[in-house]
Amino acid sequence: MWLQVFFLCLSCLTLSNQSQDQDQASLHRSNDHAGRCHYTFTVASPKESSCPGSSMKPEMDEVLSRLTLLEALVSRFIAGVDGGVGTGAGANGEEGLQEAYSQVTGERNQLQQDKERLNRQVQELQRRLDELSQEAESLRQKPCKQTHTSGGSQRDNRPASDTAYDFGNGAYQEMKAEVTEVPASHLIPEGNHNFTGCGELQSVGDPVLHRKADSITGKYGMWLQDPEPQGPHYTNKTVWRIDTVGKDVRQLFAYEDMEQFSRGFPMKVLVLPEPVESTGATVYRGSLYYQRRRSRTLIRYDLASESLASRLDLPHAGFHGQHPYSWGGYTDIDLAADEQGLWAIYSTNKAKGAIVISLLDPESLEVKRSWETNIRKNTVANAFMVCGRLYTVASYTTLNTTINYMFDTATSVGRAVVVPFKNKYHYNSMVDYNHAQRKLYAWDNFHMVTYDIRLGRPSHSSS
Ligand code: CA
């Protein structure tokens, strides 16, 4: 076969030999993949510019199709140029949108400015309201030497110790009517008018706001005044406060009086030697008594010398969440003072979670005597002592709750009672009694409040 091809090519060469230029013919020799030698002659045609047949047709077809495509593109381009009106409308539409967008943005900015202005006004009004509230409160606490005229019937019904009702200046009548309206539950029944001695809890008044904490650390805490201050450093007007949010609570704030307390200006900040646990601390006879963090250790901190005076474990007392009040917050050990001394309110495993009351030696912190009640500590919100009697608060969140239980250490008998009590701010973390002021002090959801209370002879002897 290769020989046939060779002769065919050779004859072609021979046929065209006379008119072929020697330079137009070339011989090419190469091996195929099997190693056989191949000879190839290449000769250009003298007449035909291209080979006859269909070898160029696919290329031509491709060129034609590309031309057609180009024509189509050119037609579309021309049509686009001719349709200039449509393009202009698109530009106009874009301008319109831009204008609308600018307008909306402008209106939004204006609204933003209005909102900021209104916010400033609200803040200013809030500030004015706070100032007026504080002013009203300070006015209430300042006794006035004016003779009493109208409104005396209210004053006559108040305990002698409540100076809020000792002013009758006409200029203050309107404010007095607003801020010192006596709730019906507060009026003293006949027979207990002048009762100032120890007695059973008859009623609790509405909470009176003294200060609202201004940071998250004031969510809960304790605040009190010393009912029996010692020495010249501090008086029964001094207000003590501990914000107990946090893990290392050591700051004890001292305020000169209730007015400075309401304004938020402490006169001193004492740093305690050991961290405080929860809201159960109390102030009594010139000392701060508190539970050391994560322990059953009680500490007496002397306020005048600013030093640790004594420390002692409260035997078997649950701590750090073993026997808290229903609020939780590690309220395992609650210290309280009343007319009869210093008390610890807590529970033990032996008491199976029931409230245990111990009378403490205020110097050494030793337990002098204990009582076991039959009310579970974690079913009540808080507790306080008045005249040697324990009282428990049913709920720390319900607005209208009750003092629901009383235990008398004189008779070692407890019983259910119903004395209305208000959690105005729905998160009452501390309630304690001050027998000098004859008020309850409480810390209710950033709000430091007091409640007037009324004591009386037992109902069967109140005639
Ligand atoms: Ca308490």
Side-chain angles (χ1 to χ4, degrees), residues 201 204 207 219-227 239-244 249 276-284 287-291 296 298-299 314 317-319 321 323-347 353-360 362 371 373 375-397 401-407 409 414 417 419 421-423 425 427-445 447-451 453:
L201 183 65
V204 178
K219 171 81 173 171
Y220 47 86
M222 68 74 68
W223 76 288
L224 277 174
Q225 290 178 294
D226 191 341
V239 180
W240 301 94
R241 165 181 169 176
I242 304 175
D243 293 1
T244 58
V249 176
V276 178
E277 181 92 310
S278 200
T279 58
T282 196
V283 183
Y284 180 62
S287 290
L288 173 79
Y289 294 87
Y290 69 96
Q291 176 198 352
R296 58 170 64 92
L298 302 181
I299 285 176
L314 182 61
F319 63 92
H323 302 297
Y325 291 128
S326 56
W327 170 57
Y330 306 134
T331 47
D332 297 63
I333 298 175
D334 192 7
L335 297 165
D338 73 355
E339 295 84 348
Q340 300 187 4
L342 178 68
W343 306 85
I345 305 164
Y346 59 105
S347 187
I355 289 180
V356 174
I357 309 165
S358 286
L359 183 62
L360 305 179
W371 293 259
T373 72
I375 186 163
R376 291 183 67 79
K377 189 156 179 288
N378 64 8
T379 63
V380 296
N382 216 299
F384 53 90
M385 299 293 296
V386 180
C387 297
R389 297 181 181 90
L390 171 91
Y391 295 90
T392 63
V393 182
S395 166
Y396 64 93
T397 54
T401 185
T402 57
I403 309 289
N404 62 345
Y405 178 86
M406 186 267 282
F407 183 92
T409 57
V417 295
V419 178
F421 182 92
K422 284 184 181 167
N423 294 310
Y425 306 99
Y427 197 79
N428 212 334
S429 60
M430 164 239 159
V431 184
D432 261 325
Y433 172 60
N434 177 312
H435 58 271
Q437 304 287 336
R438 190 159 281 203
K439 290 176 194 287
L440 297 179
Y441 288 57
W443 194 304
D444 188 358
N445 204 11
H447 296 80
M448 285 144 260
V449 297
T450 55
Y451 302 77
I453 65 164

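Whatever order the structure lists ligands and atoms in, that order sets their numbers, starting from 1.
Checking A383 against the Ca ion (ligand 1), an N/O/S atom falls under the 3.0 Å cut-off. Note on I345: not counted as a metal contact of the Ca ion (ligand 1), no N/O/S atom lying under 3.0 Å.
Side-chain polar atoms of S358 and Y346 form a donor-acceptor pair below 3.5 angstrom.
With the Ca ion (ligand 1) as the vertex, OD1 (N382) and OD1 (D334) define an angle of 110°, rounded to 10°.
Note on ring orientation: taking the six-membered ring where Trp is involved, the planes of Y433 and H435 are tilted (angle from 30° to 60°).
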*Please step through side-chain contact (heavy atoms from CB on, under 4.5 Å) for the pair I355 and I345, ending with a clear verdict.*
CA-CA 7 Å; I355 289 180; I345 305 164; 3.8 Å; yes
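A 6.0 Å sphere centred on OH of Y330 holds no more than 12 heavy atoms belonging to other residues, nucleotides or ligands.
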